Amino acid sequence: QVQLVESGGGLVQPGGSLRLSCAASGDIDSINVYGWYRQAPGKQRELVASKSFGGETTYADSVKGRFTISRDNAQSTTSLQMNSLKREDTAVYYCNVKRRKWPSDVWGQGTQVTVSS
């Protein structure tokens, strides 16, 4: 199994920055992809960014050029650097991993990001 623990959410003003981190533990060798998703009130959960062990990186169009996903294999952590934050970035952000074993999808507990003046 894999466990995920997130940190780094909070309140930030528009135009500000936040960095989210996700520490993975357990059967980390089974992980293929690290990713971040978000869910705003009344909306479906959506992919924000993902990074595979092969290096392939994907970003939602709405965050391209502002957010950067990174991964530290040695420490089994993934981070999401969020710059130039907008009010519409307000959501609960979830760390996610895709595994080669069941369960193939593992989620963190979620961390609130609020962009407001």
Side-chain angles (χ1 to χ4, degrees):
Q1 253 291 18
V2 170
Q3 295 78 41
L4 303 175
V5 178
E6 303 161 7
S7 60
L11 173 65
V12 64
Q13 292 186 344
S17 298
L18 277 177
R19 186 177 181 87
L20 306 182
S21 293
C22 176
S25 60
D27 188 11
I28 58 176
D29 289 340
S30 67
I31 298 173
N32 283 331
V33 181
Y34 284 88
W36 289 92
Y37 289 71
R38 67 186 181 187
Q39 188 166 19
K43 294 187 177 181
Q44 290 188 331
R45 192 173 297 189
E46 63 175 354
L47 174 68
V48 176
S50 67
K51 193 173 186 70
S52 73
F53 266 74
E56 182 178 352
T57 303
T58 301
Y59 291 98
D61 288 343
S62 59
V63 307
K64 284 181 180 177
R66 300 188 297 121
F67 291 11
T68 303
I69 187 171
S70 59
R71 190 183 69 239
D72 183 333
N73 287 340
Q75 298 189 14
S76 302
T77 61
T78 183
S79 298
L80 185 68
Q81 178 66 40
M82 305 185 292
N83 298 328
S84 302
L85 282 160
K86 304 176 181 180
R87 288 183 172 84
E88 50 264 42
D89 294 319
T90 295
V92 178
Y93 284 71
Y94 296 90
C95 178
N96 169 268
V97 297
K98 310 292 185 189
R99 304 174 67 219
R100 293 186 296 275
K101 301 178 181 179
W102 185 90
S104 58
D105 257 314
V106 180
W107 296 91
Q109 79 278 13
T111 185
Q112 177 71 46
V113 172
T114 302
V115 184
S116 175
S117 53

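Just so it is clear, the model here is predicted, and its values are computed rather than measured.
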Would you name the heavy atoms of [X] and [Y] that are closest together and state the gap between them?
X    : Y    : answer
L4   : Q109 : O-OE1, 3.7 Å
Q112 : A91  : NE2-O, 3.4 Å
Q13  : S117 : CG-CA, 4.5 Å
V33  : S50  : CG1-CB, 4.0 Å

How far does [atom1] of [X] sit from [atom2] of [Y], to the nearest 0.5 angstrom?
X    : Y   : atom1 : atom2 : result
I28  : Q3  : CD1   : CD    : 11.0 Å
K101 : I31 : NZ    : CD1   : 11.0 Å
N32  : K98 : CG    : NZ    : 10.5 Å
S79  : D72 : OG    : CG    : 8.0 Å

field: Option passing side chain to side chain contact (heavy atoms under 4.5 Å, CB included) with D27 (candidates Q1, R99, R100)
entry: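 Going through the options one by one, the only one that passes is R99.
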
query: Got a sec, which residues hit ring-ring contact (aromatic ring centres under 6.0 Å, His included) with Y37, two or more places apart in sequence or on another chain?
result: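 So Y37 forms a ring-ring contact (aromatic ring centres under 6.0 Å, His included) with W107.
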
- request: Supply the members, apart from V12, of the Ile/Leu/Val/Met/Phe/Trp/Tyr cluster built from side-chain contacts under 4.5 Å; use none for a lone residue.
  value: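 Joined to V12, directly or through intermediates: L18, L20, W36, V48, Y59, V63, F67, I69, L80, M82, L85, Y93, V113, V115.
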
Polar side-chain atom of [X] near backbone of [Y] as donor-acceptor pair, under 3.5 Å:
X   : Y    : answer
N96 : G108 : no
R71 : S52  : yes
R66 : S84  : yes
E6  : G110 : yes

task: Kindly work out whether a path of hydrophobic side-chain contacts (I/L/V/M/F/W/Y, heavy atoms less than 4.5 Å apart) joins V5 to V106.
output: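 No.
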
message: Is there a continuous path of hydrophobic side-chain contacts, each under 4.5 Å between heavy atoms, that joins Y34 to L47?
response: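 Shared cluster, no.
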
query: When you look at L11 and S116, which way does the side chain to side chain contact (heavy atoms under 4.5 Å, CB included) test go after all the steps?
result: CA-CA 7 Å; L11 173 65; S116 175; 4.1 Å; yes

- prompt: So with a 6.0 Å cut-off around CD of E56, is the heavy-atom count from everything else above 12?
  reply: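 No - once you tally the heavy atoms of other residues, nucleotides and ligands closer than 6.0 Å, there are 12 at most.
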
message: Set out, in order, the CA-CA distance, both residues' side-chain angles and the distance that settles side chain to side chain contact (heavy atoms under 4.5 Å, CB included) for S70 and K51, then state yes or no.
response: CA-CA 7 Å; S70 59; K51 193 173 186 70; 5.8 Å; no

message: Any non-hydrogen side-chain atom of S76 less than 4.5 Å from a side-chain atom of S25?
response: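 No, every pair of side-chain atoms sits at 4.5 Å or beyond.
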
- prompt: With K86, which residues qualify under salt bridge (Lys or Arg N to Asp or Glu O under 4.0 Å), at least two apart?
  reply: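 If we apply the salt bridge (Lys or Arg N to Asp or Glu O under 4.0 Å) test to K86, skipping adjacent residues, there are no hits.
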
message: side chain to side chain contact (heavy atoms under 4.5 Å, CB included) for R38 and D89? Distances and angles first, verdict last.
response: CA-CA 9 Å; R38 67 186 181 187; D89 294 319; 3.0 Å; yes

